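Just so it is clear, the structure is predicted and the values come from calculations on it, not from any experiment.
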Amino acid sequence: MAMELFGGLGFLEEYAIARWHREALITPIWEEPSNIQALDFLETLMKLGSVDDVIDRIAAPLLGRDVPGGGDAVKRVRQEVTALRALPRPEAEWQSKSVLRTVADLAQAASLYRLAETAGERYEKLGQLYLSHFLDGQEYPSWAFYDSSIWGWM
C-alpha cells in the first residue's frame with residue numbers, strides 16, 4: 001500500500017525508509033498492489049463454475065460449529081460474490097476490491113475460529129468480535145473491553 005502511495009518513487013529515493021523497503025524480503029510489489037490482487041481475484045471468480053465450494057472451504061470453521069452470525073456472514077459473502085460475477089466486466093472490476101476485502105474478512109474470522117480449536121477460548125472470542133465488527137458492521141461490544149482473557153491480562 002505504501003508503494004502505491006509513493007507511486008513507486010520509494011524505489012528511487014535514498015532515504016532510510018525507502019532503502020529499508022527496497023531491502024525487505026517481501027514487498028507489496030512482489031505480491032502485487034491490492035488493486036491488481038482484486039483484479040486477479042475477479043479473474044479467478046469468473047473462471048470458476050461455482051464459488052460455493054471455495055467459500056465453504058474458507059468458512060469451514062464457521063460452518064462446522066454453532067458460531068453466532070457465522071451462517072449469515074457466509075450467506076452475505078456468497079451473495080456479494082454472486083452479484084459481482086453478474087455485473088458487466090467494467091463494473092465488476094470497479095467492485096472487486098470491496099468484495100475481495102469481504103472474502104478476506106471471512107477468511108480472517110474463520111482463521112481465528114480454527115485457531116480456537118487448539119489455542120483456546122480467547123481466539124474464539126476474538127473471532128466473534130472480528131465477525132461481528134467487520135462482517136456485520138457492529139461496534140465492538142463493551143464486554144470485550146472488560147474481558148481480561150482477550151487482552152491477556154490474567
>> To the nearest 0.5 Å, what is the distance between CG on Asp105 and CG on Leu131?
In response: 9.5 Å
> Do Ser149 and Lys125 have side-chain heavy atoms sitting under 4.5 Å apart?
Replying inline: yes
>> Tell me if a side-chain donor or acceptor on Ser132 pairs with a main-chain N or O of Leu129 at a distance below 3.5 Å.
In response: yes
> Hey, does the side chain of His133 reach the backbone of Glu139 with a donor-acceptor pair shorter than 3.5 angstrom?
Replying inline: no
> Measuring from Leu106:CG to Ser111:OG, what's the distance to the nearest 0.5 Å?
Replying inline: 9.0 Å
>> Using modelled atom types and a 3.5 Å cut-off, is there a donor and acceptor pairing between side-chain atoms of Arg114 and backbone atoms of Ala109?
In response: no
> To the nearest 0.5 Å, how far apart are CZ in Arg57 and CG in Leu63?
Replying inline: 13.0 Å
>> Could you check whether any side-chain heavy atom of Glu124 comes within less than 4.5 Å of a side-chain heavy atom of Leu112, counting everything from C-beta outward?
In response: no
> Which pair of heavy atoms, one from Val103 and one from Ile58, lies closest together, and at what distance?
Replying inline: CG1-CD1, 4.0 Å
>> Measuring only between side-chain heavy atoms, which start at C-beta, is Thr44 closer than 4.5 Å to Val54?
In response: no
> Heavy-atom distance under 4.5 Å between the side chains of Leu84 and Phe41, does that happen here?
Replying inline: yes
>> Tell me whether Ser96 contacts the main-chain N or O of Glu93 through its side chain, where contact means a donor paired with an acceptor under 3.5 Å.
In response: yes
> With a 4.5 Å limit on heavy-atom distance, are the side chains of Val77 and Val99 in contact?
Replying inline: no
>> Show the nearest heavy-atom pair for residues Pro61 and Tyr113, with the distance to one decimal.
In response: CB-CB, 4.0 Å
> Can you tell if the side chain of Val81 reaches within under 4.5 Å of the side chain of Leu45, non-hydrogen atoms only?
Replying inline: yes
> Is any NZ, NE, NH1 or NH2 atom of the basic residue among Glu80 and Arg101 found under 4.0 Å from an Asp or Glu carboxylate oxygen of the other?
Replying inline: no
> Atom CD1 in Ile55, atom CG in Leu62: separation rounded to 0.5 Å?
Replying inline: 12.0 Å
> Taking C-beta and beyond as the side chain, do Arg76 and Asp72 meet within less than 4.5 Å on heavy atoms?
Replying inline: no
> Should the ring pair Tyr140 and Phe134 be called parallel, tilted or perpendicular, given that the plane angle runs from 0 to 90° and is split at 30 and 60?
Replying inline: perpendicular
>> If I compare all heavy atoms of Tyr146 with all of Ser142, which pair ends up nearest, and what's the gap?
In response: CD1-O, 3.2 Å
> So, Trp94 side chain and Arg89 main chain: donor-acceptor pair closer than 3.5 Å or not?
Replying inline: no
